[in-house]
Structure formats: C-alpha cells, structure tokens
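I have placed the structure first, in the form of structure tokens, so that the comments after it can refer back to it.
Letters A, B, ... mirror the listed sequences (proteins, then strands); counts begin at 1.
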Amino acid sequence: MSTVLEILHIARFGLAGVFLLGGGFFVLAGAIGVLRLPDFYTRLHAAGVTDTMGSTLILLGLMLIAGFTLLSVKLALVGLFLFLTSPTATHAVANAAHKAKLKPLLGTYRQTRKGDNEGGSQ
Amino acid sequence: MIFATTLMLMGAMTLMLARLLRGPELYDRVLAVNSFGTKTVLFLCVFSFLIGRPDGVDIALLYALMNFIGTIAILKFFRYRALDVALSRMPSRNTRKKAGAKS
Amino acid sequence: MNGMQFLAGHFNYIVVIILMMTGLYIVISTGNMVKKLTGLGVFQTSVFQLYITMGKVTGGRPPIVAHAPEGAEHAAANGGEHGASTADTAVRMVHDMADVPVNGVIYSNPIPHVLILTGIVVGVATLAVGLALIVRIRETYDSIEEEDVEEAEYKARKAANA
Amino acid sequence: MTMAMALGMIMPILTWAGTHAPPLVVVTPLLAGPIAVFLHKGRLAWAWALAISILTFVFVLLLMPQVIQNGHIAYYMGTWVPPLGIEYRIDSLNLLILLLVSAMGVLSLVFGLPLVENEIEESKRGQFFAAFLLCLAGLLGVTITGDAFNVFVFLEISSIATYVLVSMGAERDRRAYVAAFNYLVMGTIGATFFVIGVGLLYMASGTLNMADIAMHIHGHSDNRVVRAAFAFIVIGLGLKMAMFPLHTWLPSAYARAPSMVGVFLASTATKVAFYAMVRFIFSVFTPGSPFEGAVFDLVLAPMAVAAMIICSVQALYQINIRRLLAYSSIAQLGYMLLGLSMGSIAGVAAGLLHLFNHALMKGALFMGVGKASLRQGVTNVQDLRGLGKTMPLTAASFTVAGLSLIGVPLTAGFVSKYYLVVAALERGWWWAVAALIVSSVLAIFYIGKMLETMYLHEPPKITKSKKTAPQAPAKTSLLALGPLMLMAAANIYFFFDASLPKGLADAAAKALLGGGAS
Amino acid sequence: MNADFITPLDAFTIIDLILMLMLLIVGLAIVRLNDIFAIVMLAGVYSLVSALWFVSLDAVDVAFTEAAVGAGISTVLMLGAMLLSSRTALPAKPVRKWASFFIVLATGAALMYAVTDMPSFGDPLSAPNAYVGLEYLKRSLPDTEIPNVVSSVLASYRGYDTLGETSVILTAGLGVMLILGMGGKINGQLKKKAIDYDNADAQAHHTVLRVVSKMMIPLIVLYGFYVQFHGDFGPGGGFQAGVIIASAVILYALIFGVDAAKAAVPPLVVRIGAALGVLIYGGTGIAGLILGSNYLDYNVLDPHSAPHGQELGIMSIEIGVLITVCSVMLVIFYGFTSRQPDITDKDW
C-alpha cells in the first residue's frame, strides 16, 4: 500500500512539472502569436485562447504541488477568477473594436444583423 | 522546473510589453495591457512558489480583479466616451412586472 | 571589495536612481498636465523602490513572524519604558543582533514597508486632487496644455487692458 | 465655597490637559475638520472652526510654562520609547512657531467671516472650514513633531489642504485652478525630494527619531549619504518655503487664493517650512562641519541676498496688490534665510525674530487688502486710491504695517532688521548689510507707491453702473476691523517690548547651536 | 557602514534584473510617447511591475497596496480625468527638454555621488537593518501578538503616522468634493448628457458582462473583508481592503451606471463614511487618553492583558481606515463621473 502512495507522491511532482511546463509553453506561444500576427483580431484570438489554456494548466500544476492546503483554495479562486474574467474581457475588447468599425484584414466588415445601424448585441 | 516556468512567463510579459509599445491600433494596446495583466497574475502565483512564501497568491487574486475592472473601464471609456452611462440596463421593476404580467 | 562586488551590491540603487531621474524628467519637460501627473507617479514610485531595496536582508523572509517563538527569551517588558536612555539601548541592540536574528529566522526590515504604505497613499491623494484640478482647468480653458492656457490668459489680459 | 469647589474641579482637568497638551494641540483641529464637513449652515461652521482654533491656542498656552521651565518637553505617542515610537519634542524654537501659527489661525478666522461669506458659495462653506482646520492641524503637526517621517506626513496634510484652499479662489478668479495645479506639482516635487532626504538619513542612521539620527550621524559628517541627504532636504524644504530660485509658484498661488486663505497662508505656510529647515539643519545635521559651512556660505547666503534684491525689484513692477505682497514675502524670507545662513547664535536669533515680526506685518497687510476689497473690490494698486478718506482706520493700520515692513523705527520691523545688521556685522558680512539696505530702500518704493495712491488720490466715484463689491453688513465689518487693528497695534507694541519673541528666539538659537541636539 | 558585506548572486537576481529591465523600458517609453492613453496604460504597467519587484524584495504588504492602488484605482481615475481632455499631448519644446535634462542630470549626479557610501544590497549589518528594524521584529509578537510585524508597526508603534495618513486621504476626498462636487447640479442646471442614452445602441444588453459582474461583485466584497481581517497574519489591512471594496462598487457603477451605484451607495453615506473613519481612528486614540495613558496607547484598552488591548486597538483603527479609504475612493469616483462636458470630435 505504501509503495502506491510513494509512487503517487513522486508522480504528483512529475505531473505538476509537466503541467507547469505545458502551461508555460502555451502562454509563451500566445505571446509570440500576439507579437507576430498581422491584424488585431488574429492577435486577440491568439491572446485569448492561449491565456485561458495556459493559466489553467499552470494553476493545476501549482495546486498539485501545494496539495490540500489553504493555498490550493486560493489558487483555485485565482483560477476561477481568471476563467471568468479573461474570456469576458477578450469578448468585451472584440465587441468594442467591432463597434469602432475596426476592419479585419481578411474578409469584409459586416454588421452582425441586417438593419441594425450600430451592430446589436450578441 | 518552477524556475523555468517563471522565466517563460517573464518572456511572455516582455513580449506583451513590446506589443504595448509598438501597438499601432489603440485596441492592440488594450489587448496588450489586458493580457500583460493576466500573465502577471500567473507570474505572481509561480513566483510565490519559487520563493516559498504563500503571500504572492493573495496579490495575484487581487490583481486578477483589478485587471478586469481596468479593462472594463477602458472599454467603456472608448465605447461610450463616458464612464457613468449604464452598460446594460437591469430590467427595472416595472418592465419585470410587465414581463411578469404578460407571461 | 573590487569593482564587480561593488557593482553587484549597488546595482539596485543605480537602477532606482535612473528610474527616479526618468520620472523627474517627465514632470519637468512636458507641457501636458496629465503627462506631468503620470511623471510624478513614476517619480514617487521609484523613490519607494529606493526605500524597499534598503530594507531587504539577504536570505530574509517577509516580516511575518512565525507564531511560536522557539525558546528565544524576550526581555521586553510589555509596552512600558525600558528606563534605559536611548544611548545605551542602541549599543545593546547593535551588540546582540549579530548572532541570532528573531528566533533563528532572518526577516527583512519592516520599517521601510510601513513608510512606503504611507507614501503610496499620499501619492494617490495628490494624484486625485491634481486630476480634479485638471478637470476644472479643462472646463475653463478647453485644453490641458500649459501653452494653450498661457495663450488664453495672455489674450484675456490684452482684451482687459484694451 | 463654590469658587473652591469649581477650582477643585478645574485643577485636575488643567493638569491633565497640561500633561497631554502636545498631542491635543494637533488632534483637536485634526478631528474637528471631519465634523465641520457636516455643518452646512454657514455661520455654524465658522463658529465651530473659531471655537476649535481658540481651544488649540489655549493648549499651546498650556505648553508655554512647561517649556520655559525645563527647556524642552518629550511626549511619547502610545508610551513607546522614542526609537520605537513617535516622539513629540517641544523646545523654545517650535514653541515660538506654535504660538505664531495658532494665533494667526484664530485671527484669520475672526477676520475672515465677511470675506468667506462674500467669496465662497453657501453650500461649500462647511467643507471650506473643514479644509482650513485640516491645514491648521497639518502646520501644527509639522512644527511639533520630533520624528523625521512624521514631518513629511503632516507636511502633506497641510499642503493638500492648501492646494484645495487656493483652488477655492476660482469663484472670484478663474486662474486659481492653474495656480493651484502649479503649486501642487512644485509642492509634490518638494515633498518627494524631502522624502528622498529622509530616506538617505534613515539609510545612514537606521532610525527616524530626529534626536536619535543626530546622535548616530554626529561623527559621520563626511559620509556621502549624509551629505546627499542634507542637499535633498535643503532643496525639498526650499521648494516648500519658496526659497529664491524655487519660488515661482508662490505669487500666483497667493494672488488667486480667497483673501482669507491669503491672510492665513502669508503669515504661516512658508514660515513652518522655514522652521522645518532650521530644525533639520541645526538639530539633526552638525552645523560645524566643513560641508555644511560651505553650503551656508556658497548656497544659502547668496540665495538669500538674491531673493532680497531680485524679488523686491519684481515687487515694484506688480500691478496686482496680492502679487506685490507675495513677492515682498519672498524677499522677507530672504532676510530670514540670511539670518540662518550666518550660522551664529545672533544670526539665527535675528532670523527667527524677523520670522515672528514678518508674520505680523504680512498678516496685517493682507488683512488690509481683504478689508478694502470688501468695500471697493480691490485687486490692483489703483483700486486703493482714496482709501485714506473712505476707510480711515483700515488705511491707518495698512500704513503702520507697511512702515513696519520697510523697517521704520518705532515699528517691529526695525527691531528685527537691526538685529540682523548687528549679526551680519559681527560675522563681517558687509555685503549682507548692503543688501539689507538696498532691499529696504526698494521696499520704501513699493510700499510708498501703495500709500501714495491711498492718501493722495481721489476715491473712485461710486457710480451706480460700476459693480461695487456688496456692502458688508456693518456688524461683520467691525468684526473684521478688530483683528486688523490688533495686528497693527502688535506691530508697534513689539517695538517697545520685544522681550517675548526676542527671549524665545534667543533661547531657541542657544538650544540649537549651543548644546547641539540637547 | 560596514563595507565588507558582499551581496551573493543567486537565481533571484536574474528575475530582479529582468524586472528592472522592464521598468526601464516602461519608463523610457513614457518619456517618448505622446498619446495620453498609452501613457496612462504604461503608468499602470509601471506600478504593476514595481509591485512584482516589491514581492521579490519581501515587501508583500507594499506590493499588495501598490497593485491595488497604483495599478487599479489610479488607472480608473486617470481614465475618468482623461475622458474630459484631448488624446494626444503636444511634444515638449526643445529648449525646455534641454533645461530639464540638465536639472535631472545634476540631481542624478548628486544621488550617484551618494551611492558609493550606501550599504550594499541585502546587508544584514547595515544601519537600517540592524537597529530599530530588528527591535521591532523582536518586540512585535510579545507586545501585540500580531504575526504581521508591518501591521503592528503601522498601527501601534507608529500609529500616529497612520492617523496622519488617514487624514491625508480625508483631505484629498474633501478637496475633490470641493473642486468637483459629487454630481447633481453643475452651476445651476442638471448635467447635460454627452450622449442621449436612448438611441438603439445604449439599449444593448451586455448580458455577458452583466451576468459575470453580478457573480463577481459579491466575491470581491467578500475578498475585501477577508483582506481586512486577515491583515494581522498576512499581507492586508485597512487600506487595501478599503480599495478593494471601493473597486467592487466602481465595477457595479461601470456596468449598471453611476445612478444605480448612487442608489446603492448614496453620496451622503459616502460623505459621512469619509469623516467617520478618521473620527473612529482619532477616537480610539482619545480613548487611550481618557483611560489615563498617553495618546494612541492601546495597552490600557484592556486592563487585564496589554497585548489583547493592543489587538483591540489595532482592530478598531483598521476598521476606521477601511471606512475612510473606501468612502474617499467613492467620493473621488463620483466626483469624476459627475462632470460631463461634451467632447468635440476634434479631440477624439
């Protein structure tokens, strides 16, 4: 029985390492994407997607290291807040840019709905 | 391992900084600031593990909120040129009553 | 203490001084009032960084003392005067601090943190009053550039004399 | 019997108040400020502010016997021993300034009612008096504290309150906002330089208590950190006290402020910053060391002389009266700085005496202008014409204060200038004496210009069309006349019996230079 | 000043170096850019990165405040003020550039001159770290039973400084009230609406934003109170909690409009709160006075055990600070959003 616990114990740190590095990789990829992509909307896409993925992976990794302590609860709370706010913020940025008639590089700028002069809600 | 992640996050933050400085469009800058904030939150969590003190996570939690509020303020500022207009109307009591009466 | 060790020891101060001077430069050189206040913010924040780098102790931890004082006796009478004049308390303190910091754990110096908490709040208070003034200046002169304001004043004075 | 019982009841309160007077001097106005925010009805807020400032003055008077008796008082906040806690240390130097600031607070409040009712709209008077009380608390806090960082905190309270009070003048003159903004930027740069200085001192000594710092850096006056700290504190406080090259914010700030604020600030704000510089230079740093000596002779003395001459010349060309008086304030500050830079007991005593007398002169002059503006809407020098006939008493007091500014014998100004000359000759600074004389001659010109328009010109015909200032009700204008006459009388009284200010100034100078940080 | 301490270089110095590099980049960028919006954003980033640096320098409380106040509230305030002004600053005139460059060079030289005698970084035997600082670390626990030495020094040993600081905030709140007023009439007539809110766009229901912030706001207020009462054990205290709770109300105002926020937290309550906090703080001090000891002495608050008295005193002043800071931040926000001159497109 104790060997299973030991294996789990060692595996825990190994798994945490994998999560952390994976998360780090995603965040770095997103950052490079934001820098190199030509147009606002593509950058937004790069930042939004990788942020959420990267943050979940990194926070999971840290929670594995922290184990069942108050610290993990705080990390979970940070994860929850990031999970709630960062997509919302990205949505809000996209909405505002769209309303400010920012033209995407490819494709045409089209109102979301016929006859709605300012572009309506979602 | 944690140290490697910290370095990666710092690299990502510097890239975001580059986008913030170069960003031709205004909204590129908004995007850069917002994602710089999220990456700082992650950096704070990982860094507080690196130095072995649990307090950095509190600050990360705080800045996750502040970053959201800042971005909403920026967007409202550019979208409506006013901070005090209601972004979305809460259905006031009489509309709810009307809706209630109708359904 | 050769050049490299000196540099390693004092590099923080040099960077903080450069940041301070950048902040001061922004405040003095710009004519735009909002940029002036931002420069003031940068200047004050870098002064706070000078204070905090002073207080860091190598290998120290944030000054949150662990609850159980393992055995280190505390001669402090609770809260009352020591009776000793400030002169020899200073000598006693410097003497016995070298060996065992607080119950075996090294902590960073808490005083700069206390001072800077006050400094940050004072900085925000000044920023708020400055921005309120900018709002009113903008309403009266329709611009927040010092040149436009001086121009408007010059015209008003000329009109008054004419 | 009731007398004994009453006395029995009062005595414990008096002794309790006596021992706890140091914090109460600052805390009463500090806590009265927030209460004043709610008193909307105009006169109620004014009455509350007046009562509080009189109470503060009483607390300062309670301090006097203790300081004169045993040299200095030390009061530990929260009973923590000094290097740990904050300590209030009062000796004859800050007692003199405390007396001055609280007395001017009471006088400007008594004087200010008609002016406030004339210039500040009804809804904002409660908050105006709250800001005034907080400014008073801040100035008293800077004067009384013995802790280096505490000086910065209370300096900020008084500065922010002053920026707000100056910007309140915008109802009368729209340029008040710009003046307040420039004052804010220059003041914050000054305060931040001061914080850098205190930080460097802390880096060199390890404590924040002034007496403790002095003890720790006594031997290290060649240490570069201590020298840099000295330079930054002198520049920071120089900005706050409008020392010559850093004075550009003061004229427009005092000219645009509401007249009651002008009266209070002209006689106290820069004086408190000057006190802080004297306290730091003489109590914390060692005045004897070569570096400080060099700074005295090469920096402070030339700045003082430059201030005396250049600002007096600028005062000549001013049209707006308050700007003229503001420039002459900077010139008079040059006198005090000259006294300080001599570094001798006689010099510092003369500088402090001039500080006391200047508060009387400038307070009376600003009151005179405020009183006249009630009747005739005075902003420029020409508006003063015919004041001799229309308001004889105000004109008389204004003349007495003007003569005292010039330093004509029979007035207090002469006394302090005389001691300054004596101290300068003792130091062998003949060029300082020459500057004193030139500056006094220039003062004769710009004061003479005002007196001449007052007495020799015809009063403006009060034509219906010209929008004259609303006639202040007779009762309050009498109320305003009282302090003005009192100040003018003080200008004369302190010529004959200068024992009180002179005694305190000499005791302060001896305490500073004689025993160092005794 | 013992000169023989050599600062060891380890893994953390690399992180410090990168943070310093970022600070320098942001500082120089603020100097060169003239687009005010970018400057405001860079100022927020600057104080955020310096908050990170404070964390690595073991100043956790300061990092907390700097992140909450410097990066959060200042950005919203700057936006509030910037809203009413043009978007690009005029470049500085060359003569002024050179003049300020020389002034800055002189001040910098004075500071560099002093660097040589400064104790090296992290030296435990340097004057500041070996004298009163260490005495606080030793005495704080037995005296006040509060682990977070910064909170105990802030509130009890140097409590008078914090009273001064709370009065600074009150003065600033008072100033903004006097200069801008808190809404309602501007010289007689109700505020002109910059945009008539009835057009189709304003009816847009940002359901996503509304739902998310409805979930977030109670959590933020709860977190604020956690920070307030957790202040004795970890980073936190009256200031940070006040700012967090104020930012929760500001978020509510941003989403549901300032009028809804004014209905929830009326300006009168906010004005009373600003004054009340300072009175609570001063009152605790006077309580010590009345119970026979010096001003701001908490030992006498509980006759049985002095440390408990200290805890009681520190708790009550932190609450006073919380009320004042929260109310003043709202006073300032109401003040900025109450002024609403219409912005011509020229500026936009």
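Summarising the geometry of C:K35 relative to E:L33, their closest heavy-atom pair is NZ-O, 3.0 Å, with the distance given to 0.1 Å. The two residues C:P110 and E:V149 make their nearest non-hydrogen contact at CG-CG1, 3.8 Å. In this structure, E:A59 and C:I52 approach most closely via the heavy-atom pair CB-CG2, 3.7 Å. The nearest pair of heavy atoms linking E:V176 to C:A132 is CG2-CB, 4.2 Å. E:G108 approaches C:I17 most closely through the heavy-atom pair O-CG2, 4.3 Å. C:S108 and E:L137 make their closest contact through O-CD1, 3.9 Å (heavy atoms, listed as atom of the first residue, atom of the second, distance).
Checked against E:L57 for a side chain to side chain contact (heavy atoms under 4.5 Å, CB included), the options C:M54, C:Q49, C:K56, C:H113 give a single hit: C:K56.
In this structure, E:R96 pairs ionically with C:E146, as a charged nitrogen and a carboxylate oxygen lie closer than 4.0 Å.
Taking chain C as the reference chain and counting heavy-atom pairs below 4.5 Å, the highest number among E:V325, E:T116, E:L178, E:D16 is found for E:T116. Among C:V129, C:T118, C:L115, C:V122, the residue making the largest number of heavy-atom pairs under 4.5 Å with chain E is C:T118. Between chain E and the options C:G123, C:P112, C:G31, C:G55, the largest number of non-hydrogen pairs under 4.5 Å is found for C:G55. Counting heavy-atom pairs closer than 4.5 Å to chain C, the top residue among E:M20, E:R158, E:Q240 is E:M20. Heavy-atom pairs under 4.5 Å with chain E peak, among C:V15, C:V42, C:L133, C:L127, at C:V42. Ranked by heavy-atom pairs under 4.5 Å with chain C, the list E:N129, E:V62, E:V40 is led by E:N129. Highest contact tally toward chain E, considering only C:V57, C:D148, C:T126, is held by C:V57 [criterion: heavy-atom pairs under 4.5 Å]. Chain E forms more heavy-atom pairs under 4.5 Å with one residue of C:T58, C:I18, C:L50 than with any other, namely C:T58.
With a threshold of 4.5 angstrom between heavy atoms, E:F239 approaches chain C through side-chain atoms but not through N, CA, C or O. E:L42 does not touch chain C: none of its heavy atoms, backbone or side chain, sits under 4.5 Å away. Contacts between C:V124 and chain E at a heavy-atom distance below 4.5 Å involve the side chain alone, from C-beta outward. In this structure, the portions of C:L117 lying under 4.5 Å from any heavy atom of chain E include both its backbone and its side chain. Contact annotation for C:I116: only side-chain heavy atoms (C-beta onward) come within less than 4.5 Å of a heavy atom of chain E. In this structure, chain E has a heavy atom under 4.5 Å from the side chain of C:I111, while its backbone stays farther away. At a 4.5 Å heavy-atom cutoff, the contact between C:M20 and chain E is made by side-chain atoms alone. Using a 4.5 Å cut-off between heavy atoms, C:S143 does not touch chain E at all. If you measure heavy-atom distances from E:I332 to chain C, the contacts under 4.5 Å come from the side chain alone.
To the nearest 0.5 angstrom, E:I146 atom CD1 is 12.0 Å from C:I64 atom CD1. Between E:I39 atom CD1 and C:L37 atom CG the span is 11.5 Å, to the nearest 0.5 Å. For the atom pair OG1 (E:T107) and OH (C:Y25), the distance works out to 13.0 Å, reported to the nearest 0.5 Å. Note that CZ of E:F54 and OG1 of C:T45 are 7.5 Å apart. Values are rounded to the nearest 0.5 Å. Rounding to the nearest 0.5 Å gives a distance of 8.5 Å between OG1 of C:T30 and CD1 of E:I36.
Residues C:I26 and E:I30 form a side-chain contact, since some pair of their non-hydrogen atoms from C-beta on lies under 4.5 Å apart. By the 4.5 Å heavy-atom criterion applied to side chains, C:L131 and E:F336 are counted as neighbours. A 4.5 Å side-chain heavy-atom check between C:S46 and E:Y46 finds at least one atom pair inside the cut-off. Looking only at side-chain heavy atoms (C-beta outward), E:F121 and C:F11 stay at 4.5 Å or farther from each other. Between E:W53 and C:T53 there is a side-chain heavy-atom pair separated by less than 4.5 Å. Residues E:L28 and C:T22 meet the side-chain proximity criterion, which asks for heavy atoms closer than 4.5 Å. Between C:V65 and E:K138, the closest side-chain pair of non-hydrogen atoms is not below 4.5 Å. Using a 4.5 Å cut-off on side-chain heavy atoms (C-beta onward), E:M112 and C:Y13 make no contact.
Looking at C:Y107, its side chain never comes within 3.5 Å of a backbone N or O of E:L134 through a donor-acceptor pair.
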Would you sort out whether E:F37 and C:V34 count as a side-chain contact (heavy atoms from CB on, under 4.5 Å), showing the intermediate values?
CA-CA 10 Å; E:F37 172 73; C:V34 171; over 6 Å; no
For C:M21 and E:L105, run side-chain contact (heavy atoms from CB on, under 4.5 Å): C-alpha distance rounded to whole Å, both residues' side-chain angles, the deciding distance at 0.1 Å, then the answer.
CA-CA 8 Å; C:M21 290 311 115; E:L105 215 61; over 6 Å; no
